[in-house]
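As the structure is a prediction and not an experimental result, all values here were calculated from the model. Chain identifiers are assigned alphabetically (A, B, ...) following the order of the sequence lines, protein sequences preceding nucleic acid strands; residue numbering begins at 1 within each chain.
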Protein chains: 2
Amino acid sequence: MVIPNIHEFEKPVVTVDIVIFSIIKGKLHILLVKRKEEPSKGEWALPGGFVKIQESLEEAAKRKLLEKTGVKDLYLEQLYTWGDVNRDSRGRVITVSYYALVNAQDKNMQLSDEGAKWTLVNTNLRLPFDHSKIVNYALKRLRWKFEYTPVAFSLLPKTFKLSELKGLYDTVFEKDFDKRNFIKKILSLKILEEAGKEESVANRPAKLYRAKENISPIIGIV
Amino acid sequence: MVIPNIHEFEKPVVTVDIVIFSIIKGKLHILLVKRKEEPSKGEWALPGGFVKIQESLEEAAKRKLLEKTGVKDLYLEQLYTWGDVNRDSRGRVITVSYYALVNAQDKNMQLSDEGAKWTLVNTNLRLPFDHSKIVNYALKRLRWKFEYTPVAFSLLPKTFKLSELKGLYDTVFEKDFDKRNFIKKILSLKILEEAGKEESVANRPAKLYRAKENISPIIGIV
DNA sequence: CCAAAAGTGTTGAAACTACACCCATGG
DNA sequence: CCATGGGTGTAGTTTCAACACTTTTGG
């Protein structure tokens, strides 16, 4: 068999960059890391790195996630691939961006080192490279996913109160949904099942729910 | 300034592959080209090729489109990036897939050569590499876009009859939408304006419409 | 006058919005 | 008994789905 030499071409470098979302104190945050190398050394940027020749894109993203957060099982989805010629001063670098949802209560969760921090999401974050664009894009996608799929549960512990779920939607959409309508809508989807009650709280204890096992991906919540 | 040598890593090859949709005789087709090289030489596959070191991903996709169809201005959108380690027998090849919508009535449209053909879309196309997966993914995205955005007009001539627009939705969704409800819905969106009447047809002439200039991207049609 | 495609309204069902008060618990 | 957050129903409005006949034109 003739195998043409596809390696004659000058090749770009391929990286992955990840927007890691989590809820900290009820607010939406993303993980940033302090860059250890030029360019933009010392600045806070999205975690990411080179794709090894023997790992798939998703494997590369998972490897980075594990390194930075210690968390293995989480929601991970490809976002978009950014390939402008001059997006990186070191040369031609194409980056495949991903976003991930991690549950901050996860017991395995721990930031790798002092060079990582959770930052409140807002659309005016100033980040190096085209990372601001990537974050804004991730936020759009996250909202879309929340609206049409049951992805929200990835940001919550296994069992949760409906008020926590509503709070999550409130934060993600920067709205204050109507409590009664929200609960009505969610329950009508039949994707939740009851999972006991809150205990020893200083007020009426809330019912707990969990997501059913095989819930369909498209729901249409908002 | 210190510029670390990011070129020490073994680098993958990056290509673009394009799913080019068009409507031929009222049916949804995609463009396939006959491969001139191994692997899968002689088989029909998606048009695509290497990304040059000095062009963006989108430029690469546009270049390929122009080569294959002669059409310059069209709807082009990135789909997904496929990066499994063994997706190409020649070595590590990452492909950024795009889809494009071309209006088959476009006067610039002409297939480049005998090595290209329009093929009726169905979900059982057997194509080399992971191209079948890419086509199915493109079809999903196309439906979503049709449902929520006014992208359909990219597949029609500048002015068109509502029955043509409905026919397009019928094909894309493999349904037969109700004529009255469809027209009601489309007109209620106020994204169309009247543009005269059909002439010299053997039946009642239809009103023609065109898409307004600045229509918002999200509509919710179906 | 015939064939062909265009055009046009109504009704019942379902989904959505807005809105305010009582309940259960711990301290 | 008080403070805190949990829980619940209705009515008006809008959107959606189903459905069939008449109109205009050229031949």
Side-chain angles (χ1 to χ4, degrees), chain A residues 23 25-27 143 146-150 156-157 159-171 173-210 216 218-222, chain B residues 23 25-27 143-144 146-150 152 156-157 159-171 173-210 216 218-222:
Chain A
I23 298 291
K25 296 192 197 119
K27 299 280 173 196
R143 287 185 178 144
F146 260 67
E147 195 162 345
Y148 295 107
T149 80
L156 291 175
T159 68
F160 48 85
K161 309 187 271 180
L162 291 185
S163 62
E164 288 170 332
L165 186 58
K166 170 175 135 50
L168 186 46
Y169 273 84
D170 288 348
T171 329
F173 288 96
E174 300 179 54
K175 275 190 191 170
D176 181 21
F177 290 101
D178 180 84
K179 184 165 58 154
R180 279 174 290 190
N181 292 338
F182 182 85
I183 291 177
K184 223 182 306 173
K185 177 72 191 184
I186 286 285
L187 292 182
S188 78
L189 297 171
K190 315 218 165 166
I191 56 180
L192 297 185
E193 54 192 17
E194 300 197 9
K197 271 210 218 182
E198 242 184 335
E199 273 171 32
S200 42
V201 281
N203 49 35
R204 177 171 176 177
K207 279 187 197 167
L208 297 177
Y209 290 84
R210 78 170 71 85
S216 119
I218 299 292
I219 55 177
I221 279 203
V222 180
Chain B
I23 297 292
K25 297 194 196 117
K27 299 279 171 197
R143 287 186 178 142
W144 187 84
F146 261 68
E147 195 161 347
Y148 295 107
T149 79
L156 291 174
T159 69
F160 49 84
K161 309 186 272 182
L162 292 185
S163 61
E164 289 169 331
L165 186 60
K166 169 174 135 52
L168 186 46
Y169 273 84
D170 288 348
T171 329
F173 288 96
E174 302 180 53
K175 275 192 192 170
D176 181 21
F177 290 101
D178 180 85
K179 184 164 60 153
R180 279 174 289 189
N181 291 338
F182 182 85
I183 291 176
K184 224 182 304 173
K185 177 72 190 183
I186 286 284
L187 293 182
S188 78
L189 297 171
K190 315 221 165 162
I191 57 178
L192 297 184
E193 55 194 15
E194 299 197 10
K197 268 211 222 183
E198 242 185 337
E199 273 171 31
S200 44
V201 282
N203 49 37
R204 179 171 177 176
K207 278 188 196 167
L208 297 176
Y209 290 84
R210 79 169 71 84
S216 117
I218 299 293
I219 55 180
I221 278 205
V222 178

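- Straight-line distance from the CG atom of B:L165 to the P atom of C:dA6: 13 Å, rounded to whole Å.
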Could you encode protein contacts along nucleotides 8-15 of chain C as a string, one character per nucleotide from 5' to 3', using B for base contact, S for sugar-phosphate-only contact and - for no contact, with a heavy-atom cut-off of under 4.0 Å? BBB-----

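- Heavy-atom minimum distance, B:F177 versus B:F182: CB-CD1, 4.3 Å.
- Between A:K197 and D:dG6 there is no side-chain polar atom (N or O) within less than 4.0 angstrom of OP1 or OP2.
- Taking the six-membered ring for Trp, B:Y209 and B:F160 have ring centres at least 6.0 Å apart.
- With rounding to whole Å, B:L208 atom CG is found 14 Å from C:dG7 atom C1'.
- Ion pair B:D178/B:K166 not flagged as a salt bridge, since none of the NZ, NE, NH1 or NH2 atoms sits closer than 4.0 Å to an Asp/Glu carboxylate oxygen.
- With a 4.5 Å cut-off on side-chain heavy atoms, B:I183 and B:K179 count as touching.
- Projected onto DNA chain D by closest heavy-atom contact, A:K161 and B:A202 fall at different nucleotides, the more 5' of which corresponds to A:K161.
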Could you pull out all donor-acceptor pairs under 3.5 Å where a side-chain atom in residues 189-202 of chain B meets a protein atom, sequence neighbours excluded?
| residue | atom | partner | partner atom | Å |
| --- | --- | --- | --- | --- |
| B:E193 | OE2 | B:R210 | NH1 | 3.3 |
| B:E198 | OE1 | B:A206 | N | 2.9 |
| B:E198 | OE2 | B:K161 | NZ | 3.0 |

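- A sub-4.0 Å separation between OP1 or OP2 of C:dA6 and a side-chain N or O of B:S163 is present.
- Contact check on A:K27 versus A:D170 returns no salt bridge, with no Lys/Arg side-chain nitrogen under 4.0 Å from an Asp/Glu carboxylate oxygen.
- Inter-axis angle, ends of the helix from C:dC1-D:dG27 to C:dG27-D:dC1, five pairs per end, rounded to 10 degrees: 10°.
- D:dG6 atom P lies 11 Å from atom NZ of A:K166, rounded to whole Å.
- Taking atom CD of B:E164 as the reference point, atom P of C:dA5 lies 13 Å away to the nearest angstrom.
- Contact check for B:K185 versus B:R180: no side-chain heavy atoms found under the 4.5 Å cut-off.
- Looking at heavy atoms from C-beta onward, B:E164 lies out of side-chain contact with B:L168 at the 4.5 angstrom threshold.
- If you take CG of B:L187 and P of D:dT15, they are 15 Å apart, rounded to a whole angstrom.
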